[in-house]
Number of protein chains: 2
Amino acid sequence: MRGKELRRSLSVLPIGTVMKLTSLTARQIRYYESQKLIFPQRSDGNRRLYSLADVDRLLEIKDYLDDGLNMAGIREVYDQKQRESEQRKNQDHQLTDDDVRKILHDEFLQAGGLKTPSAQQPQAPLQKPL
Amino acid sequence: MRGKELRRSLSVLPIGTVMKLTSLTARQIRYYESQKLIFPQRSDGNRRLYSLADVDRLLEIKDYLDDGLNMAGIREVYDQKQRESEQRKNQDHQLTDDDVRKILHDEFLQAGGLKTPSAQQPQAPLQKPL
DNA sequence: GCTTCATGTTATAAAACATAACATGAAGCC
DNA sequence: GGCTTCATGTTATGTTTTATAACATGAAGC
């Protein structure tokens with residue numbers, strides 16, 4: 001189940017569709033972009049292309065506006081959210097069982113051939129590659 | 001987890017996007033429609049709108065073509081598939097545990113109030129509503 | 001009363017799409 | 001070889017959608 005995020009981040013929707021899905025006007029959607037709240041892709045012909053994740057974000061923005069936030073406030077929310085996740089990325093935690101298994105597996109391969117792995121400690125600090 | 005099929009059948013993609021996702025030309029996509037293999041929705045302005053399910057179907061069609069089927073053959077495959085599922089719909093089977101629970105629950109409600117349900121047999125034959 | 005913010009409205013140009021007609025290469029048949 | 005059919009390419013023409021930019025406006029805050 002790794003392709004789900006990929007699907008959600010595929011930029012395939014034209015602004016007209018996004019208008020219907022969010023009940024926002026084109027003016028609003030473009031304005032939020034000018035305010036650095038969303039970052040749609042562009043097609044070859046310069047059309048904006050949105051992902052499902054973008055649509056969700058626009059719905060979030062609507063909620064924040066209903067709560068009385070202004071553009072700067074919403075931007076701050078997202079900036080902070082991003083800073084947090086950046087931090088998490090720089091820590092050695094957040095390794096799933098699967099990651100650990102893969103790392104161990106790779107190290108065994110590098111250590112020589114396809115021998116049956118025996119118990120062993122990793123030599124380098126565990127860290128996700130970029 | 002009921003909204004997944006809904007999402008997959010949301011008609012939101014313009015033909016240009018579908019072209020990229022399937023590596024088919026607009027000519028091909030429209031031709032397959034003329035041959036009753038796909039049935040995209042239309043926007044207010046008469047633009048074709050495709051769902052993710054449509055995209056999957058187009059990829060299937062590509063595979064069938066690679067296998068040497070022609071339009072009539074592919075149509076036959078889909079017609080038959082549909083007849084089969086029509087049949088299944090008319091049988092009393094295919095009720096999931098969840099369905100049974102819902103039916104029982106509704107009958108308890110109808111039977112009066114929010115009393116703690118006791119063991120009981122359904123009076124009518126189990127059958128999914130349309 | 002003056003600003004600012006979020007949005008509406010209008011004008012203009014370009015891109016995308018719809019439909020329809022004609023063109024074509026491959027395959028099958030006589 | 002000629003003829004037909006099938007799946008697709010190509011071209012022409014008109015409509016819809018989108019982009020950008022400028023000006024307009026109502027509400028809120030000072």
Side-chain angles (χ1 to χ4, degrees), chain A residues 10-79, chain B residues 10-79:
Chain A
L10 262 189
S11 294
V12 292
L13 308 174
I15 200 169
T17 292
V18 176
M19 290 171 63
K20 280 172 203 144
L21 291 178
T22 61
S23 302
L24 291 168
T25 65
R27 183 69 166 94
Q28 288 174 303
I29 297 170
R30 296 197 194 105
Y31 182 63
Y32 302 155
E33 179 184 352
S34 78
Q35 297 298 304
K36 313 280 189 205
L37 297 185
I38 44 170
F39 309 92
Q41 304 284 123
R42 293 289 180 131
S43 74
D44 294 343
N46 200 36
R47 262 57 204 259
R48 271 168 263 252
L49 287 176
Y50 299 85
S51 68
L52 285 178
D54 289 330
V55 170
D56 287 343
R57 180 141 173 165
L58 284 168
L59 292 173
E60 265 184 24
I61 291 172
K62 277 183 74 172
D63 287 341
Y64 284 131
L65 286 172
D66 283 347
D67 288 349
L69 298 224
N70 62 9
M71 298 292 123
I74 300 173
R75 199 181 316 126
E76 189 55 34
V77 168
Y78 286 129
D79 283 356
Chain B
L10 262 188
S11 293
V12 292
L13 308 174
I15 199 168
T17 293
V18 176
M19 290 170 64
K20 281 171 203 145
L21 292 177
T22 61
S23 302
L24 291 168
T25 65
R27 184 69 166 94
Q28 288 174 302
I29 297 170
R30 297 198 194 103
Y31 181 63
Y32 302 157
E33 178 184 352
S34 78
Q35 298 298 304
K36 312 280 189 205
L37 297 185
I38 44 171
F39 309 91
Q41 304 284 122
R42 293 289 180 130
S43 75
D44 294 344
N46 200 35
R47 261 62 204 264
R48 272 168 262 252
L49 288 176
Y50 299 85
S51 68
L52 285 179
D54 289 330
V55 171
D56 288 343
R57 180 142 174 164
L58 284 168
L59 293 173
E60 266 184 23
I61 291 172
K62 276 183 72 170
D63 287 342
Y64 284 132
L65 286 172
D66 283 346
D67 288 350
L69 298 225
N70 62 9
M71 298 294 123
I74 300 173
R75 199 181 317 126
E76 189 55 34
V77 168
Y78 286 129
D79 283 357

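Every chain is numbered from 1, with letters handed out A, B, ... down the list of sequences.
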Nucleotide N/O to protein N/O under 3.5 Å, stretch nucleotides 22-30 of chain C:
none

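- Side-chain N/O atoms of Tyr31(A) include one lying less than 4.0 angstrom from OP1 or OP2 on dA6(C).
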Tell me which donor-acceptor pairs under 3.5 Å the side chains of residues 45-55 of chain A have, and how far apart each pair is, sequence neighbours excluded?
residue, atom, partner, partner atom, Å
Asn46(A), OD1, Arg42(A), NH1, 3.1
Arg48(A), NH1, Glu33(A), OE1, 2.7
Ser51(A), OG, Arg8(A), O, 3.4
Ser51(A), OG, Ala53(A), N, 3.3
Ser51(A), OG, Asp54(A), N, 3.0
Ser51(A), OG, Asp54(A), OD2, 3.2
Asp54(A), OD2, Ser51(A), N, 2.9

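- For Leu65(B), the side-chain atoms get nearest to dT8(D) when compared with the rest of dC17(C), dT7(C), dT8(D).
- Contacts between residues 41-53 of chain A and DNA chain C, defined by a heavy-atom separation under 4.0 Å, are made by Ser43(A), Gly45(A), Arg47(A).
- Scanning both residues, Leu59(B) and Leu21(B), for their nearest heavy atoms gives CD2-O, 4.3 Å.
- Identified under the side-chain hydrogen bond (donor to acceptor under 3.5 Å, both in side chains) test for residues 62-71 of chain B, with sequence neighbours left out: none.
- Listed by first and then second residue, the side-chain hydrogen bond (donor to acceptor under 3.5 Å, both in side chains) pairs that reach into residues 14-27 of chain A are Thr25(A)-Gln28(A), sequence neighbours excluded.
- When the shell of 6.0 Å around CD of Gln35(A) is examined, it contains more than 12 heavy atoms from other residues, nucleotides or ligands.
- When the local axes at the two ends of the helix from dG1(C)-dC30(D) to dC30(C)-dG1(D) are compared, using 5 base pairs at each end, they differ in direction by 20° after rounding to 10°.
- Rounded to a whole Å, the CG atom of Leu24(A) is 8 Å from the P atom of dT7(C).
- Residue Met71(A) places its side chain closer to dT7(C) than to any other of dA19(D), dA7(D), dT7(C).
- Nearest heavy-atom pair across Leu69(A) and Leu65(A) is O-CD2, 3.4 Å.
- Note: CD1 (Ile15(B)) to P (dT17(D)) measures 15 Å, nearest angstrom.
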